[in-house]
Amino acid sequence: MTTAYGPLLDALRGVRWPARRAVGAALPGAHRSRQRGTSGEFTEYRLYRQGDDPRQLDWKLLGRSDRAFVRLTDDRALVSTWFVLDASLSMAFPDERHALPGAPPSKWQVARALAVGLGTVANASTDPVGALIATADGTTSIAARTRRGTVGEIARALDALQCGGDTSMAPLLAMAPVRARIVVISDLLGDLDAMVRATAQRTAAGSIVECLHVVAAEELTLPTGAYLARDPEQPQVERVLESRAVVAYRERFDAFRAEAARRWRGAGAGYTEVRTDAPLARVIRQITSGQSRLEAQHDLGARQEMRDDSHERRAR
Amino acid sequence: MIRFAMPWLLGAGVLGAIVITALHFLSVRRPAELLLPTARFLDEGRVRAVSRSAQPSDLLLLVLRVLALLLACAAIAGPRWMSRDRGTVNLFVADVRYRADSMSMLQLLSARAHGNPTTFVWGGRRDSATEVASGLQEDLAAALPLAMRAATALVAERPEVDSIALYVYAGAGGTVSLDGWRAWRSTWPGGVRVLEPTQTERARDTTVERKSDGAGNAANDVTAATIVSFDRSAPDELLRDPVRSAFTSRVPSVTASNASSASSASSASTAATAASASSGRGVREIRVQRGVETSTGGAAASLPVARSVALGDARQRDTRNGEVVTIRWPESGVPTGWQPMTDTATGVAARGVAMVGEWTRTAHATTSMMRDAVPIAWWSDGQVAATERGSDSGCVRDVAIVVPPASDMLLDASANGLMQALLAPCTGTASAWAIPALLRNDSLDRSNGRAAPSQTFQRSDLPKPMSSPHWLAPTLLALALLLLILEWALRDREGPEARADAASAGIRT
């Protein structure tokens, strides 16, 4: 692993990243499992039903109350974490070669740091960590492993990659195991519809999908002056960027991000918007603690309220 | 130099080029490119913005476009290539009897024609091509219709000719019908310059007039009353001398004298005085000095040097008893004052008659000696072959024509011109032949002597070519097309390059 990630990993010491819902049966791990097992950690009683294992009956309680109860305990299980990264040309914005000192990193740099940071956090909980990277040349796959050098291997693979082309992310979602935590790191400017559909299928199958939407600060604050804006992935898309067009651009981009968040959450996935000028350690802490979801829900509620207010005003 | 049949079309092209250049400064340009992955969220619409620039960009494209436009307009405007010497052409009309003296005509023109090319038109019965307008000798007015025909043919043959300056050589001995002249004069749109004969020619023409007054053979009448004395000591050699034979055949009284004694010539000429009285005026005696010139450009070693005076002074001399014409005709070597040279010529012309043959030329006249002399015979290339200068008693004629010892060319009729020029009276004593003053004044009216414009001679029934030469317009069009293709290729090449630059550099300003 390169030394560039050192400060970030130092800031993430002790951070845990529990699955945001109970995982299925698996090897013993750190995540709450849906499996009611035989561990010593008591959870609750339940009336005995026909077919239950008689060995789980609480005989003392049966003696006191003359009613048969089954003693339930929670199980802990591992969950493999797969990072699905978008290495399309749009992720290489802004160009690292022409970046000024102190300028925000590119979207690809942020995506790499997110993958390494979250992978390190997940691997610290003995979770297997793997990666699927969509590049112009195809898919780069790094199998999920628990051993300590896995994250370093992922970091080296990411550092060696060069963004390019117009990639498709949806097929990569199908490549990850069903009972896994899938972290999609992308700017969502590619095949968004296909990704959302694939995500809905994966979540229905039991996967935990997290979407980290990387947004460049330069995309939110456009440069002043007149430019001919060109989509690097679709050169035929040319638009004039001038001061009068910025307002409409912001409205459309905000609407796109809100719609993306709504659709990802509607598909059962988590959605977190990551700006390139935001401190990455804090962003990762928010992701691992679930705070970003709460903030997102709060933002969503606030937006809904604003929307309702505006509707009421229009109705009046 | 290119001229255009429709110059306004070229002007329109220049105007278009100016507009293109102006629009280049105020043009609709593509702004600087910015690679933005979220460009799809910007408004769709025009991708160009109007901008003003103080300095032109894409200079190569601008130059190619302007050049293509100008070349296309030039091709359509009917380009005509004109040589540098286009402008005015001198049309020299003279009677055919002066044809052999065309070199002297050129000399006559050289002072007036300003270096313009000259086309000769000879009028006379002997010229079948000008049969209709023949008879220039009989009536000088015939020169004008002759000039009209020649000018029309000239303009059809050389469309680059801009104007035609007409010179009519009046010659001598001819007549002019003023009514005919005035009638034809109105048809010529420019000035007409009537050239008078030079002094030498006046003298010659006077001789012609005189001979025509007398009876008998004109060639013999010239020297009928003249005695020719030869400065030669050896009679045997004299008998074989072709020059002597030439004089003998034309002059009845030829004597020999001692070359070393100038007085002997005068004694020999005593008998001639009575004979010359029949002419009443002119030549008292002709002295032919033969021998060998051994010095170059200096004094003659064997021929006595006659003291020369300017021709103007010669006119004032006393010639009441007749002139003495001294002919210095060395058998070999270079006459006094001449520069030696070794050359050949194909003919000698004098008095309108040419002797065609292979001549060895040993000397040529220098500019300094020609100040006091006038030419009386010319080589075929226009060089002076014989000169005349004045002297106290008459004139001295230097002949730089080397005659082979056994040659009989001087006995031929073609030598009559040269012999007449040598036997004629001195120039300074000749009476001038004058053309009528009325004709002279009338020739330059209405146009102040300007040359006639060539457009008046263009035939309207002839198909007008798009360009002259015919390949000029297609060539210009092809060049314009080539430039347009080049411009398209350059413009097309800049597109992918710009996109590649934008992809690699992000914002490009």
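What you see is a predicted model; the values in this text were computed from it and never measured. Protein chains get the first letters and strands the later ones, always in sequence-line order, with residue 1 at the start of each.
Residue with the most contacts toward chain B among A:Ser90, A:Ala255, A:Ser88: A:Ser90 (heavy-atom pairs, distance under 4.5 Å).
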- Task: Just do the side-chain contact (heavy atoms from CB on, under 4.5 Å) check on B:Leu36 and A:Leu222 with the steps written out, would you?
- Result: CA-CA 9 Å; B:Leu36 185 64; A:Leu222 295 177; 3.8 Å; yes
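In this structure, B:Leu35 and A:Phe93 approach most closely via the heavy-atom pair O-CE1, 3.0 Å.
Between A:Leu189 and B:Thr38 there is a side-chain heavy-atom pair separated by less than 4.5 Å. Taking 4.5 Å as the limit, every side-chain heavy atom of B:Pro37 sits out of range of all side-chain heavy atoms of A:Glu233. Residues A:Leu241 and B:Leu34 form a side-chain contact, since some pair of their non-hydrogen atoms from C-beta on lies under 4.5 Å apart.
At a 4.5 Å heavy-atom cutoff, A:Glu251 makes no contact with chain B through either its backbone or its side chain.
Within the model, atoms CZ of A:Arg250 and CZ of B:Phe41 stand 12.0 Å from one another, a figure rounded to the nearest 0.5 Å. Annotation: the span from A:Glu242 atom CD to B:Leu42 atom CG amounts to 9.5 Å, rounded to 0.5 Å.
Ion pair B:Asp43/A:Arg252 flagged as a salt bridge, since at least one NZ, NE, NH1 or NH2 atom sits closer than 4.0 Å to an Asp/Glu carboxylate oxygen.
The neighbour count for A:Gln162 CD, taken as heavy atoms of other residues, nucleotides or ligands under 6.0 Å away, does not exceed 12.
Here A:Asp231 pairs with B:Arg40 under the salt bridge (Lys or Arg N to Asp or Glu O under 4.0 Å) rule; sequence neighbours left out.
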